[in-house]
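Structure first, then comments.
Heads up: numbering here begins at 1 and tracks the sequence. All values below come from the heavy atoms of this structure, side chains included, with hydrogens, waters and symmetry mates left out.
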Amino acid sequence: NNALANTSGTFAGNLSISGNLDLSLTTSALKLPVGTTAQRPTSANGMVRFNSDSNGLEVYNGTSWINYVPSYPIDYLIVAGGGGGGGQIHTYAGSGGGGAGGYISSFATVSSGQSLSVVIGAGGSGGTTGSYATNGSTSSLVFGTAIGGGYGGGSTTLINNYYPPTSGGSGGGGGGYTPNAQNNGASGTSGQGNSGGSSSGSANYAGCGGGGAGAAGSGPSNGNTSGGSGGAGLNWQSLGTFYAGGGGGSCSDSNANTAGSGGAGGGGKGGAGVAGNAVSGTTNTGGGGGGAAHTHNTVAALTGGNGGS
């Protein structure tokens, strides 16, 4: 129960303490031994020193000296580029919305000074008359790779030349007016997204919504007149910002018709009426692009919305 207070000096040899050592003075510090690798002492388990060669702390673990590197827990989110919305291809039919980019959210431990390679995927291009849209590009972090969103579908003036949507992080929505009356949406990647919307029946000229990270895309709600909505994205960490929403499908025929809305999380709205422009997915969300409306014969061809990065 003896104590040393307000003393200074140098101890030669080993100091052995049984009990607790109180170093709680707020203006003081504990100075560790400093030396080169060659100056390491005869090792004993639990020794700690500052190595002036490696410029860091090292600890003897009973077998060897190891560098002490602080580590930290992190939460991370990886979102790929959203798929492009289908272009106006048939003169009366709508197009499908692009699927959202794949969404991966988890946690990991990183070390101080660790380099993390990051790749940010670009959004896919919206389709044009007679040509496909494109999928979004992958995004990656050392912990995982998110798959780009699939593009939305459409059909040509020739009924047998249907352009189907593609699979991706989330799948693209089916386009209107298919040869077999089955406007099937494409599938999403397990654990990253959902399928695009589908519809059936020859009256369904409107496009379907692309899939989102939180929900599948919807089919047309009223045949020709209302495009399907894009699937909703997810609210990361409940912070109020949604990511990876699907693009909305377009409608057909009349200016009074209703385009499918983009899913929460940057999904672009589909085009509406005979000259409705599709909306691109929002940058930095991975949202899918909206599907283009039809041109109704004489109006210039329209392009699907681009996917968001």
What distance separates [X] [atom1] from [Y] [atom2], expressed to the nearest 0.5 Å?
| X | Y | atom1 | atom2 | result |
| --- | --- | --- | --- | --- |
| Thr258 | Lys269 | OG1 | NZ | 7.5 Å |
| Asn45 | Tyr60 | CG | OH | 8.0 Å |
| Ser54 | Trp65 | OG | CH2 | 11.0 Å |
| Ile147 | Ile78 | CD1 | CD1 | 10.5 Å |
| Leu116 | Ser140 | CG | OG | 11.5 Å |

What pairs meet the salt bridge (charged side-chain N to carboxylate O under 4.0 Å, His left out) rule with one or both residues in residues 100-129, with sequence neighbours excluded? none

Which pairs with one or both residues in residues 57-70 pass salt bridge (charged side-chain N to carboxylate O under 4.0 Å, His left out), sequence neighbours excluded?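 For residues 57-70, and leaving out neighbouring residues, the salt bridge (charged side-chain N to carboxylate O under 4.0 Å, His left out) pairs sorted by first residue read Arg40-Glu58, Arg49-Glu58.
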
Considering all heavy atoms, the nearest [X]-[Y] contact:
| X | Y | result |
| --- | --- | --- |
| Asn194 | Ala213 | ND2-O, 3.2 Å |
| Ala206 | Ser226 | CB-O, 3.7 Å |
| Ser187 | Ser195 | CA-OG, 3.5 Å |
| Gly172 | Pro165 | O-CB, 3.5 Å |
| Gln192 | Ile104 | NE2-CD1, 3.7 Å |
| Gly305 | Ala278 | N-CB, 3.5 Å |

Side-chain donor-acceptor contacts of residues 30-39 below 3.5 Å, not counting sequence neighbours, with atom names and distances?
{"residue": "Thr36", "atom": "OG1", "partner": "Ala38", "partner atom": "N", "Å": "3.4"}
{"residue": "Thr36", "atom": "OG1", "partner": "Gln39", "partner atom": "N", "Å": "3.3"}
{"residue": "Thr36", "atom": "OG1", "partner": "Gln39", "partner atom": "OE1", "Å": "3.4"}
{"residue": "Thr37", "atom": "OG1", "partner": "Asn51", "partner atom": "ND2", "Å": "3.1"}
{"residue": "Thr37", "atom": "OG1", "partner": "Asp53", "partner atom": "OD2", "Å": "3.4"}
{"residue": "Gln39", "atom": "OE1", "partner": "Thr36", "partner atom": "N", "Å": "2.9"}

Test item: [X] side-chain N/O and [Y] main-chain N/O as donor-acceptor pair under 3.5 Å:
| X | Y | answer |
| --- | --- | --- |
| Thr166 | Tyr151 | yes |
| Ser139 | Ala146 | no |
| Ser170 | Gly212 | yes |

Group every Ile, Leu, Val, Met, Phe, Trp and Tyr by side-chain heavy-atom contacts under 4.5 Å, then state whether [X] and [Y] land in the same group.
| X | Y | result |
| --- | --- | --- |
| Val48 | Tyr68 | yes |
| Phe50 | Met47 | no |
| Val142 | Leu77 | no |
| Leu141 | Val79 | no |

Apply the hydrophobic cluster definition, ILVMFWY joined by side-chain contacts under 4.5 Å directly or through others, and give me every member besides Val69.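 In the cluster with Val69 there is nothing else; it is isolated.
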
Should side-chain heavy atoms under 4.5 Å link Ile, Leu, Val, Met, Phe, Trp and Tyr, which residues sit in the same cluster as Val279? none

Within 6.0 angstrom of Leu57 CG, more than 12 heavy atoms from elsewhere: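 Yes, enclosed.
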
Residues that [X] engages under side chain to side chain donor-acceptor pair (under 3.5 Å), provided they are two or more places apart:
| X | result |
| --- | --- |
| Ser218 | none |
| Thr189 | none |
| Ser137 | none |

For a 4.5 angstrom cut-off between non-hydrogen side-chain atoms, does Ser71 reach Ser112?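 They are not in contact (no side-chain heavy atoms under 4.5 Å apart), so the answer is no.
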
Would you list the pairs meeting ring pair (Phe, Tyr, Trp, His ring centres under 6.0 Å) in which at least one residue belongs to residues 98-123, sequence neighbours left out?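 Output for this query is empty, none listed.
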
Contacts satisfying side chain to side chain donor-acceptor pair (under 3.5 Å) that involve residues 231-242 (not counting sequence neighbours) are Asp75-Gln237, Ser105-Trp236

Let me check something: any side-chain donor-acceptor pairs from residues 280-293 under 3.5 Å, sequence neighbours excluded? List them with distances.
{"residue": "Ser280", "atom": "OG", "partner": "Asn306", "partner atom": "N", "Å": "2.9"}
{"residue": "Thr285", "atom": "OG1", "partner": "Gly265", "partner atom": "O", "Å": "3.4"}
{"residue": "Thr285", "atom": "OG1", "partner": "Thr282", "partner atom": "O", "Å": "2.6"}
{"residue": "Thr285", "atom": "OG1", "partner": "Gly287", "partner atom": "N", "Å": "3.2"}

Please name all residues satisfying ring-ring contact (aromatic ring centres under 6.0 Å, His included) with Phe143, sequence neighbours left out, ordered by chain then number. Tyr76

